[in-house]
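What follows is a single structure, written as structure tokens, with notes after it.
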Amino acid sequence: MSETAYSQLSESIANGNLEIYHVIAPPRNSSTAVERALSNSPDIHAQINDPWCIYDTDREAQTYDYILRRFQDAQTQTRTNPIRIVIKDIADYIPPGDAWQRMTSIVRHTIFLIREPLLATESLMRIMAKEVPRDRGNAFAKRSGFASWQAMQNAVTEARDYRPYEELYQGLFRNEQPISDLPEMQLPVLATTPLSMFGQLGFATADKYASSKCYATWHDLIRDVTDYPDKLAGCQDLLDINFACRITGWTALSQHYAAMQPSDNFTVVDATMFRAAPEVMSQVVLRRADLKFASSVVNWSHSSKTFTSDYDGDIPYYDKVIQSIGIAPPTETTVPTDRFPAFIRASLEGEDGAFAIYRRYLKLAVEITPSETTAQILAATFDGKSLRDIDPVFYKELFALIAQER
């Protein structure tokens with residue numbers, strides 16, 4: 001890590017010259033829309049999109065170098081003190097443990113963003129299809145009975161049945177991001193392996209897994225691979241399970257949240273609630289972060305600020321957000337869980353699955369929301385449909401939480 005850049009950022013924060021507000025979310029959780037909305041607060045002077053989206057071995061150093069450069073640019077352009085910056089990151093880009101702790105130590109307020117997992121998963125399935133190399137996609141499509149990869153995408157998307165992607169996506173989800181092969185990512189991910197993943201290999205505890213690798217305890221195994229990263233290859237079975245669906249972001253988000261300290265300032269926000277009542281929810285989030293609200297937060301045509309996609313400028317992730325003038329209402333409908341490949345379904349279910357994580361954090365999101373706003377969201381209609389019809393999973397979970405409070 002670049003101690004110089006990180007130290008300069010830390011010093012600027014300590015001297016009252018810099019404040020960082022951090023949005024962290026699984027992919028396809030409307031995080032860029034929330035980032036753009038919050039960046040239009042009159043108190044915010046710059047926004048940085050996915051600075052951790054770097055695949056080099058010195059990616060943490062490059063991240064802080066880039067944040068420092070953007071901070072210095074903002075100082076030159078605005079000559080305001082302090083400079084306030086909104087940063088958005090995808091949860092699985094940041095290693096759990098020490099790297100996450102270093103990031104949170106320079107953040108004034110963290111915003112954990114969640115979205116009903118079926119919606120996020122389907123959106124991810126579609127966007128990942130755009131990243132399949134043409135030759136590989138065409139070869140897979142022809143083996144599957146389609147004329148081309150584009151023809152297969154069209155058919156799968158129209159049917160909203162993603163099971164035909166099973167064989168291709170198992171490898172793609174595991175290996176699409178080169179960071180999964182870096183020791184800088186493998187070590188902290190291995191050290192924070194959820195207990196349920198040991199069970200997938202037939203071990204009741206971490207120590208029993210370590211014993212199978214000729215270590216007395218799990219602690220001994222982690223200490224040894226930390227000292228000798230080349231020995232990570234001996235844990236390839238567990239690494240494969242860890243990274244099989246890590247790209248969905250839910251395990252990473254859960255690990256990051258679990259590492260937060262009581263003294264840390266943070267807020268949990270649900271994307272559907274934010275999009276269903278953007279003005280009220282923006283005010284709630286900004287108030288908790290001690291930032292000002294203005295009409296430009298929800299109506300981007302009122303803002304003169306230019307949204308920058310930074311490293312992701314050439315990737316078609318944000319076309320809709322960039323072309324919009326405000327937060328779009330939550331009109332996307334869900335598909336049943338059984339429309340997804342088996343390995344994806346497994347990542348959604350279970351005590352450490354996406355649904356369980358989502359339920360835990362939706363409760364926290366509801367707790368900060370005015371009760372009258374929650375009631376209005378439950379009763380709202382979009383394009384003539386109620387949220388019960390649009391997203392029955394979200395509606396059921398939110399309704400249950402409201403019933404518990406009564």
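The shown structure was predicted, so the numbers you read here are calculated from the model rather than taken from an experiment. Numbering of residues begins at 1 and proceeds along the displayed sequence.
- Using cut-offs of 30° and 60° for the angle between ring planes, the F399 and Y395 rings count as parallel.
- Under the rule for a side chain to side chain donor-acceptor pair (under 3.5 Å), the partners of Q150 that lie at least two apart in sequence or sit in another chain are N154.
- A salt bridge links D237 and K213; the closest N-O separation between the charged side-chain nitrogens and carboxylate oxygens is under 4.0 Å.
- One finds no salt bridge joining R59 and D56 here, because no Lys/Arg side-chain nitrogen approaches an Asp/Glu carboxylate oxygen to under 4.0 Å.
- Donor-acceptor pairing under 3.5 Å is recorded for the side chains of N299 and S301.
- Under the 3.5 Å distance criterion, the side-chain polar atoms of H256 are matched with a main-chain donor or acceptor of A91.
- Look at K396 and E116 and you find no salt bridge, because none of the NZ, NE, NH1 or NH2 atoms lies under 4.0 Å from a carboxylate O.
- Nearest heavy atom pair, residue V284 against residue P370, reads CG2-CD, 3.9 Å.
- Surrounding CD of E11 are at most 12 heavy atoms belonging to other residues, nucleotides or ligands under 6.0 Å away.
- Judged purely by atom type and a 3.5 angstrom limit, S41 uses its side chain to pair as donor or acceptor with the backbone of D43.
- Side-chain atoms of D207 come within 3.5 Å of backbone atoms of W218 as a donor-acceptor pair (strictly under, hydrogens ignored).
- In terms of modelled atom types and a separation under 3.5 Å, the side chain of S7 and the main chain of T4 share no donor-acceptor contact.
- Proximity of a side-chain donor or acceptor of R174 to a complementary backbone N or O of I241 within less than 3.5 Å is not detected.
- A perpendicular orientation is assigned to the rings of F266 and F112, their planes being inclined by more than 60° (bins at 30° and 60°).
- Counting heavy atoms from C-beta on, the side chains of P330 and F382 come closer than 4.5 Å.
- Under 3.5 Å, the side chains of T267 and R288 contain a donor-acceptor pair of N or O atoms.
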(message) If you apply the rule side chain to side chain contact (heavy atoms under 4.5 Å, CB included), what do you find for V34 with V269, and how did you get there?
(response) CA-CA 10 Å; V34 172; V269 183; 5.9 Å; no
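- Under the 4.0 Å criterion applied to side-chain N and carboxylate O atoms, R28 and E122 are not assigned as salt-bridge partners.
- Using modelled atom types and a 3.5 Å distance limit, the side chains of R115 and T272 yield no donor-acceptor pair.
- Partner of R84 under the side chain to side chain donor-acceptor pair (under 3.5 Å) criterion, out of H45, E19, Q47: E19 alone.
- Atom OG1 of T76 and atom CZ of F71 lie 9.5 Å apart (nearest 0.5 Å).
- Side-chain rings of W250 and Y257 stay apart, their centers remaining 6.0 Å or farther from each other.
- Under the 4.0 Å criterion applied to side-chain N and carboxylate O atoms, R345 and D338 are not assigned as salt-bridge partners.
- No side-chain heavy atom of I111 sits under 4.5 Å from any side-chain heavy atom of I24.
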Using the rule given for side chain to side chain contact (heavy atoms under 4.5 Å, CB included), can you reason through R102 versus Y6, listing the C-alpha separation, both sets of side-chain angles and the distance that settles it, and then say yes or no? CA-CA 9 Å; R102 283 189 289 271; Y6 187 80; 3.6 Å; yes
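- Here F173 and F243 keep their ring centres 6.0 angstrom or further from each other.
- Between K363 and E397 there is no salt bridge, since none of the side-chain N atoms of the basic residue sits less than 4.0 Å from a carboxylate O of the acidic one.
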- Message: Between S148 and N138, does the side-chain hydrogen bond (donor to acceptor under 3.5 Å, both in side chains) criterion hold? Intermediate values first, please.
- Response: CA-CA 5 Å; S148 67; N138 284 338; 4.8 Å; no
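- Y169 is listed as a side-chain neighbour of F343, based on a closest heavy-atom distance under 4.5 Å.
- Using a cutoff of 4.0 Å between basic side-chain nitrogens and carboxylate oxygens, D92 and R246 are not scored as salt-bridged.
- For D161 and R163, the salt-bridge test passes: some basic side-chain N is under 4.0 Å from an acidic carboxylate O.
- Here I48 contributes atom CD1 and R70 contributes atom CZ; the two are 5.0 Å apart, rounded to the nearest 0.5 Å.
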Exercise. Report the C-alpha distance between L172 and V132 in whole Å, list the side-chain angles of each, state the deciding distance to 0.1 Å, and finish with yes or no for side chain to side chain contact (heavy atoms under 4.5 Å, CB included).
Key: CA-CA 8 Å; L172 189 65; V132 176; 3.8 Å; yes
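- Residues R160 and T333 bring a donor and an acceptor atom of their side chains to less than 3.5 Å of each other.
- Taking OG of S282 as the start and CZ of F293 as the end, the distance is 6.0 Å to the nearest 0.5 Å.
- Not a single side chain to side chain donor-acceptor pair (under 3.5 Å) links Q75 to another residue, sequence neighbours left out.
- Side-chain N or O atoms of N175 include one that pairs as donor or acceptor with a backbone N or O of G171 at under 3.5 Å.
- Checked against a 6.0 Å centroid threshold, the rings of F203 and F198 do not count as neighbours.
- Rounding to the nearest 0.5 angstrom, the gap separating the CD1 atom in I44 from the CD1 atom in I85 is 8.5 Å.
- Formation of a donor-acceptor pair under 3.5 Å by the Q261 side chain with backbone atoms of A259 is found in this model.
- Counting non-hydrogen atoms of neighbouring residues, nucleotides and ligands closer than 6.0 angstrom, the CG atom of D135 reaches no more than 12 such neighbours.
- Counting only N and O atoms by type, the side chains of T193 and N242 include a donor and acceptor under 3.5 Å apart.
- Panel note: side chain T80, backbone I83; no donor-acceptor pair is recorded below 3.5 Å.
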Might you work through the side chain to side chain contact (heavy atoms under 4.5 Å, CB included) test for Y64 and M103, ending with a clear yes or no? CA-CA 9 Å; Y64 290 119; M103 183 68 195; 3.7 Å; yes
Going through the checks in order, is the side-chain hydrogen bond (donor to acceptor under 3.5 Å, both in side chains) test met by S295 and H302? CA-CA 7 Å; S295 63; H302 294 178; 2.9 Å; yes
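- One finds the CG atom of L398 at 8.5 Å from the CG atom of L387 (value rounded to the nearest 0.5 Å).
- Under the 4.5 Å side-chain criterion, counting only non-hydrogen atoms from C-beta, D391 is not in contact with E332.
- In summary, the side chains of N15 and S12 do not present any donor paired with an acceptor at a separation below 3.5 Å, with no hydrogens or angles considered.
- Put simply, the side chain of M273 reaches to within 4.5 Å of the side chain of L362, judged on heavy atoms.
- Under the 4.5 Å side-chain criterion, counting only non-hydrogen atoms from C-beta, V268 is not in contact with R360.
- Atom CG of L253 and atom OH of Y358 lie 12.5 Å apart (nearest 0.5 Å).
- Residue E60 comes nearest to A99 through the heavy atom pair OE1-CB, 3.9 Å, listed as atom of the first residue, atom of the second, then distance.
- Under a 3.5 Å cut-off, the side chain of T63 and the backbone N or O of P51 do form a donor-acceptor pair.
- A side-chain donor-acceptor contact under 3.5 Å links Y215 and D224.
- For the 3.5 Å distance criterion, the side chains of R108 and Y21 qualify, holding a donor opposite an acceptor.
- Between the S303 side chain and the W300 main chain, no donor and acceptor come within less than 3.5 Å of each other.
- Other residues, nucleotides and ligands contribute more than 12 heavy atoms inside 6.0 Å of the CD atom of Q236.
- For K292, the NZ atom counts as loosely surrounded, since its 6.0 Å shell holds 12 or fewer non-hydrogen atoms of other residues, nucleotides or ligands.
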